[in-house]
> 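Can you keep this structure in mind? I'll have questions shortly.
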Amino acid sequence: MSPKNKSLDYIYAFIIGFVIALITLFYKYFNFDLLNTDFETTKYLIPALVLNETNSIIHFKASLFDRLPIYPIVISLILKFFGTANYFAILFFQSILNGLILLILIATKNLFTNKYYWLSIFLLALNINFFWSSSIILPDILNVFFISCAIYFFLKFILKKQSINLIIIGSIFFGLSFLTKPSGVLLPIFLFFFLIIYFLFKKKYKLTKVLIFSILPITIIALISTPLYLFNYKKTGQFFLTDQKGTHLLFWIYPCIVKKWGCGARDQDAIKKAVSLSEIELKKEFGTDFKFEYPYVFDFENDKLRYTKNFSIEENYFKNIALRSKINEKIFFNLLKEEEKTQILTSFIGSVSKMLLHTSIIGIFEQHDISYKELKSIITLKKNNVTISGTIWLISQIIIIFLRILQFYGCVSVFKKNEKETTWLIVFLLFISLPFIISTMGIGNPRYRIPLEPILFLLSIIGIKSLKKNDIKKK
């Protein structure tokens with residue numbers, strides 16, 4: 001069942017997504033600080049405030065820490081119109097994005113089936129990674145919006161209309177995602193290989209056209225990100241997207257890789273080792289008295305982040321930051337060589353399993369000071385351990401595992417029956433999911449699943465569709 005008027009499908013989807021995110025926002029507004037310093041919120045707010053205060057690209061880039069620019073630019077515009085400390089306005093905008101994501105994903109589902117409308121709404125509206133993320137000042141929900149738009153246009157090309165314009169528009173959205181979060185840094189390559197395979201199997205174009213059309217995503221994403229690459233090259237002499245790489249690899253990936261099944265929580269001894277090695281190498285490079293001074297001063301006043309002043313940017317500021325990242329990256333790869341290959345493999349398998357199979361409701365309970373250990377104590381079935389929160393976690397966990405089985409069943413079923421259109425749909429979804437999965441190496445946090453949620457939703461619908469077909473055949 002779905003509304004008789006198709007346009008109402010999309011209106012209802014938007015309203016439901018928007019309202020659920022808005023309820024979450026008001027709940028957090030009355031119970032928590034909207035500026036949550038447990039996350040990396042300030043790393044995005046500070047560049048936004050610097051941009052509004054200085055109107056300088058140089059100062060904006062210097063203030064970015066190791067973040068990408070799209071999200072800080074978006075929230076700088078919001079803060080310019082609604083006030084420098086109006087965090088509610090940012091999260092209200094993200095509630096709108098949540099509504100738009102539901103609308104877009106319903107439209108994407110309709111490309112291959114018009115059925116299962118309310119079931120789709122249920123799966124999307126109650127997706128914790130959507131509505132809870134929309135209530136946190138982080139780029140995740142904006143990233144999902146761009147990815148959802150891109151998937152829609154690519155699937156419209158594959159399933160409905162073979163217009164190259166659809167690939168161009170989809171690539172633009174993937175390009176915006178590329179400059180929002182670095183989790184999809186390998187995405188252009190995977191898009192290229194998918195299109196090569198797709199065009200060769202379709203045998204519609206000559207080889208020269210196949211190569212030209214296949215390279216479109218890489219070209220468009222490169223054009224969108226070129227200003228950032230050129231700026232970094234001009235200031236540092238190196239071509240790179242973000243200097244987050246070295247820090248992320250050494251202080252986040254390495255302390256997870258050393259754990260047999262990945263993170264969970266990072267290994268504290270590994271963190272200390274990484275910090276110590278980094279300090280030694282940085283002192284060798286820059287001298288014992290050298291300090292990385294961040295050239296902007298902020299303070300907290302009434303739970304609001306206030307811009308105080310900025311210092312002059314040192315001549316070698318950008319070069320030194322890039323060099324620090326490169327040094328940390330080199331240390332990471334040296335440490336990686338010390339680890340056994342089986343350890344790296346088990347860490348990767350374990351972290352991907354946790355990322356895909358753990359429910360995101362853990363994050364909600366953590367904000368309410370209920371630990372994961374307390375939640376999973378319900379599994380022991382001891383009378384004193386049975387709590388409402390533990391029961392909710394268990395139900396949520398069972399649903400997640402059921403959905404993964406359903407998604408796997410849908411993929412296997414389609415490949416077995418060799419349904420051409422649906423096969424290409426699944427191949428595309430699997431290709432674009434791989435770069436996001438690779439980027440989670442070692443880190444089994446459900447938050448890293450957020451870019452994958454649109455893909456997982458579509459795979460769920462394919463699984464439901466396959467189950468329904470089997471039921472009809474049996475009858």
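Because only heavy atoms are used, hydrogens play no part in the values below, and waters and symmetry mates are left out as well, while side chains stay in.
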> More than 12 foreign heavy atoms under 6.0 Å from CZ of Phe300: is that the case here?
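Check passes, neighbour count above 12.
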> Looking only at heavy atoms, what is the nearest atom pair of Asn129 and Pro446, with distance?
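In terms of heavy atoms, the two residues are closest at ND2-O, 3.2 Å.
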> Which pairs of donor and acceptor atoms, one on a side chain in residues 330-339, lie under 3.5 Å apart (sequence neighbours left out)?
| unit_1 | atom_1 | unit_2 | atom_2 | d |
| --- | --- | --- | --- | --- |
| Asn334 | ND2 | Lys330 | O | 3.3 |

> NZ of Lys61: more than 12 outside heavy atoms within 6.0 angstrom?
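Counting neighbours around NZ of Lys61, more than 12 heavy atoms of other residues, nucleotides or ligands fall under 6.0 Å, so yes.
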> Which atom pair, heavy atoms only, marks the closest approach of Leu375 to Ser389?
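For Leu375 versus Ser389, the nearest heavy atoms are CD2-O, 3.6 Å.
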> Indicate yes or no: at least one non-hydrogen side-chain atom of Ile70 is less than 4.5 angstrom from one of Pro139.
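No, their side chains stay 4.5 Å or more apart.
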> How long is the span from the CG atom in Leu429 to the CZ atom in Phe154, to the nearest 0.5 Å?
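Here the interatomic distance stands at 12.0 Å.
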> In the structure I gave you, are the side-chain heavy atoms of Ile46 and Phe298 within less than 4.5 Å of one another anywhere?
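Contact flag for Ile46/Phe298 side chains = yes.
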> Mind checking whether Arg67 and Glu40 have side chains closer than 4.5 Å, heavy atoms only?
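They are in contact (side-chain heavy atoms under 4.5 Å apart), so the answer is yes.
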> Check side-chain contact (heavy atoms from CB on, under 4.5 Å) between Ala48 and all other residues, then give those that pass, not counting sequence neighbours.
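For Ala48 the side-chain contact (heavy atoms from CB on, under 4.5 Å) partners, ignoring immediate neighbours, are Ile75, Ser76, Leu79.
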> Could you tell me which non-hydrogen atom of Ala270 sits nearest to which non-hydrogen atom of Asp267, and how far apart they are?
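Of all heavy-atom pairs spanning Ala270 and Asp267, the closest is N-OD1, 2.8 Å.
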> Are there over 12 heavy-atom neighbours, none belonging to Leu223, within less than 6.0 Å of that residue's CG?
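Buried by this count: over 12 neighbours within 6.0 Å.
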> Only one of Leu459, Leu356, Ile461 forms a side chain to side chain contact (heavy atoms under 4.5 Å, CB included) with Gln407, so which one is it?
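By the side chain to side chain contact (heavy atoms under 4.5 Å, CB included) criterion, Gln407 pairs with just one of Leu459, Leu356, Ile461: Leu459.
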